[in-house]
Amino acid sequence: MKAVIIAAGKGVRMLPLTLDKPKPLIEVNGKKFLMHLLERLHDAGFEDKDIAIVASYKKEKIEEFLDEHNLAITVIEQPALVGTGDAVFHAREFVDEENFIVVGGDNLFSAADLLRIQQDDEYCYVAGWEVEDPSRYGVLVCKGDTLLEVVEKPKEFVGNLINAGLYKFTPDIFEALEQIELSERGELELTDAISLLAEGRKVKVMMLQDYWLDLGKKDDIPKIEEFLKKI
């Protein structure tokens with residue numbers, strides 16, 4: 001399979017660290033966060049030719065990083081920041097109508113979980129992780145391992161199993177992305193397309209077995225650094 005990394009956003013919650021670079025290029029334990037992610041993708045069997053990064057904000061910085069490390073990875077430009085759904089849609093030509101995985105450029109998973117998500121079947125998969133406070137995330141509502149819907153940032157408790165930002169998609173995702181409309185915040189939300197596919201029972205949830213590290217805000221940096229020192 002091919003792997004698509006979404007790394008287009010401005011990372012406003014990471015200011016001022018993201019004034020001159022995109023969030024995945026923030027240094028963690030003496031290494032760019034993106035490098036930690038790429039190392040795990042390589043360990044999971046992905047070669048450079050199988051990896052694409054969808055970039056927009058400070059795209060040239062990501063290109064410079066790849067050149068500096070002699071990484072022959074494809075960079076796909078997202079012309080306008082109109083959501084994660086739009087970012088995935090721009091990877092359509094790269095994945096060439098084959099099954100593929102998508103990972104957020106600010107998320108880190110084990111190589112074993114990156115291998116596990118590569119289910120070669122007709123279903124789409126969302127990686128799930130249980131948290132104490134799900135109010136900041138998209139909550140996965142399931143029946144068994146079948147996804148029923150994704151509830152974004154619920155104000156009332158609907159469960160503590162959240163969307164961890166790692167996916168395996170079939171080409172069905174592109175048809176779903178063509179059907180969704182802009183959300184209230186003016187974006188094409190990837191989770192809206194996933195919920196649409198879930199209505200047809202085409203999406204399953206895969207529980208992560210190892211860990212999920214989320215570079216969401218500045219306070220996460222020391223926590224991630226401490227965790228990485230232990231593994």
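- Annotation for Ala91 and Ile76: closest pair CA-CD1, 3.9 Å, computed over non-hydrogen atoms.
- For the residue pair Ala55 and Ile62, the shortest heavy atom distance occurs at CB-CD1, 3.9 Å.
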Donor-acceptor pairs are to be reported for all side-chain atoms of residues 145-154 against protein atoms at under 3.5 Å, with residues two or more places apart or in another chain.
unit_1, atom_1, unit_2, atom_2, d
Glu152, OE2, Thr191, OG1, 3.1

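- Between Leu188 and Leu177 there is no side-chain heavy-atom pair separated by less than 4.5 Å.
- Lys217 has a carboxylate O that lies under 4.0 Å from a charged side-chain N of Asp220, or vice versa, which qualifies the two as a salt bridge.
- Without hydrogens or angle criteria, Lys218 side chain to Leu15 main chain gives a donor-acceptor distance under 3.5 Å.
- Proximity of Leu228 to Lys31: side-chain heavy atoms (C-beta onward) are nowhere separated by under 4.5 Å.
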**Message:** Determine whether Phe46 and Gln118 satisfy the following criterion, side chain to side chain contact (heavy atoms under 4.5 Å, CB included), listing intermediate values before the conclusion.
**Reply:** CA-CA 11 Å; Phe46 293 96; Gln118 297 176 62; 3.4 Å; yes
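- Atom-to-atom distance recorded for Asp113:CG and Met206:CE is 5.0 Å, nearest 0.5 angstrom.
- No donor-acceptor pair under 3.5 Å is formed between the side chain of Glu175 and the backbone N or O of Pro171.
- Under a cut-off of 6.0 angstrom, the local environment of CD in Glu60 is crowded, with over 12 non-hydrogen atoms contributed by other residues, nucleotides or ligands.
- Between the side chain of Ser183 and the backbone N or O of Glu189, no donor-acceptor pair lies under 3.5 Å.
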- Task: Dump the intermediate steps for side chain to side chain contact (heavy atoms under 4.5 Å, CB included) on Asp210 and Ile231, then the final yes or no.
- Result: CA-CA 11 Å; Asp210 295 327; Ile231 60 172; over 6 Å; no
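- Every residue two or more places apart in sequence or in another chain that forms a salt bridge (Lys or Arg N to Asp or Glu O under 4.0 Å) with Glu187 is listed here: Arg185.
- No chain of hydrophobic side-chain contacts below 4.5 Å, direct or via other Ile, Leu, Val, Met, Phe, Trp or Tyr residues, connects Met1 to Phe174.
- Shown here is Glu93, whose CD atom has no more than 12 heavy atoms of other residues, nucleotides or ligands within 6.0 Å.
- The two residues Asn99 and Gln119 come nearest to each other via the heavy atoms ND2-O, 4.4 Å.
- Counting heavy atoms from C-beta outward, Val95 and Phe169 have side chains that stay 4.5 Å or more apart.
- Just one of Asn107, Leu108, Leu37, Asp106 meets the side-chain contact (heavy atoms from CB on, under 4.5 Å) condition when paired with Leu215; it is Asp106.
- Put simply, the side chain of Lys2 does not reach to within 4.5 Å of the side chain of Glu98, judged on heavy atoms.
- No side-chain donor-acceptor contact under 3.5 Å links Gln78 to the backbone of Thr84.
- Note that CG of Leu38 and CD1 of Ile51 are 5.5 Å apart. Values are rounded to the nearest 0.5 Å.
- Glu178 has a carboxylate O that lies under 4.0 Å from a charged side-chain N of Arg92, or vice versa, which qualifies the two as a salt bridge.
- Under the 4.5 Å side-chain heavy-atom criterion for ILVMFWY residues, no single connected hydrophobic cluster contains both Val88 and Leu81.
- To the nearest 0.5 Å, atom CE of residue Met35 and atom CG of residue Asn29 are 14.0 Å apart.
- Listed for the Lys229 side chain is no donor-acceptor partner under 3.5 Å among the backbone atoms of Glu225.
- A donor-acceptor contact shorter than 3.5 Å links the side chain of Tyr57 to the backbone of Thr18.
- A cation-pi arrangement, defined by a distance under 6.0 Å to the six-membered ring centre and an angle within 45 degrees of its axis, is absent between Lys32 and Phe65.
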Q: Could you give me the CA-CA distance, side-chain angles and deciding distance for Leu17 and Ile221, then say whether side chain to side chain contact (heavy atoms under 4.5 Å, CB included) is met?
A: CA-CA 11 Å; Leu17 297 177; Ile221 297 175; 3.6 Å; yes
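- Taking hydrophobic clusters as Ile, Leu, Val, Met, Phe, Trp and Tyr residues chained together by side-chain heavy-atom distances below 4.5 Å, Val54 does not share a cluster with Ile26.
- The shortest heavy-atom contact between Ala176 and Ala193 is CB-O, 3.7 Å.
- Nearest heavy atom pair, residue Leu197 against residue Cys124, reads CD1-SG, 3.9 Å.
- Linking Ile, Leu, Val, Met, Phe, Trp and Tyr residues whenever their side-chain heavy atoms come within less than 4.5 Å places Leu190 and Val205 in a single cluster.
- Contact record, Ala164 with Trp212: O-NE1, 3.0 Å, taken as the closest heavy-atom pair.
- Separation of atoms CG (Leu140) and NZ (Lys204) is listed at 14.0 Å; rounding is to 0.5 Å.
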Between Lys168 and Asp121, is a side chain to side chain contact (heavy atoms under 4.5 Å, CB included) present by the stated rule, with each step listed? CA-CA 10 Å; Lys168 173 254 173 166; Asp121 57 22; 2.9 Å; yes
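- Distance check: Gln209 CD to Ser110 OG gives 9.0 Å after rounding to the nearest 0.5 Å.
- Tyr123 and Leu115 fall into different hydrophobic clusters, where Ile, Leu, Val, Met, Phe, Trp and Tyr are joined by side-chain heavy atoms under 4.5 Å apart, directly or via other members.
- Residue Arg40 holds its CZ atom at 11.5 Å from CZ of Phe109, rounded to the nearest 0.5 Å.
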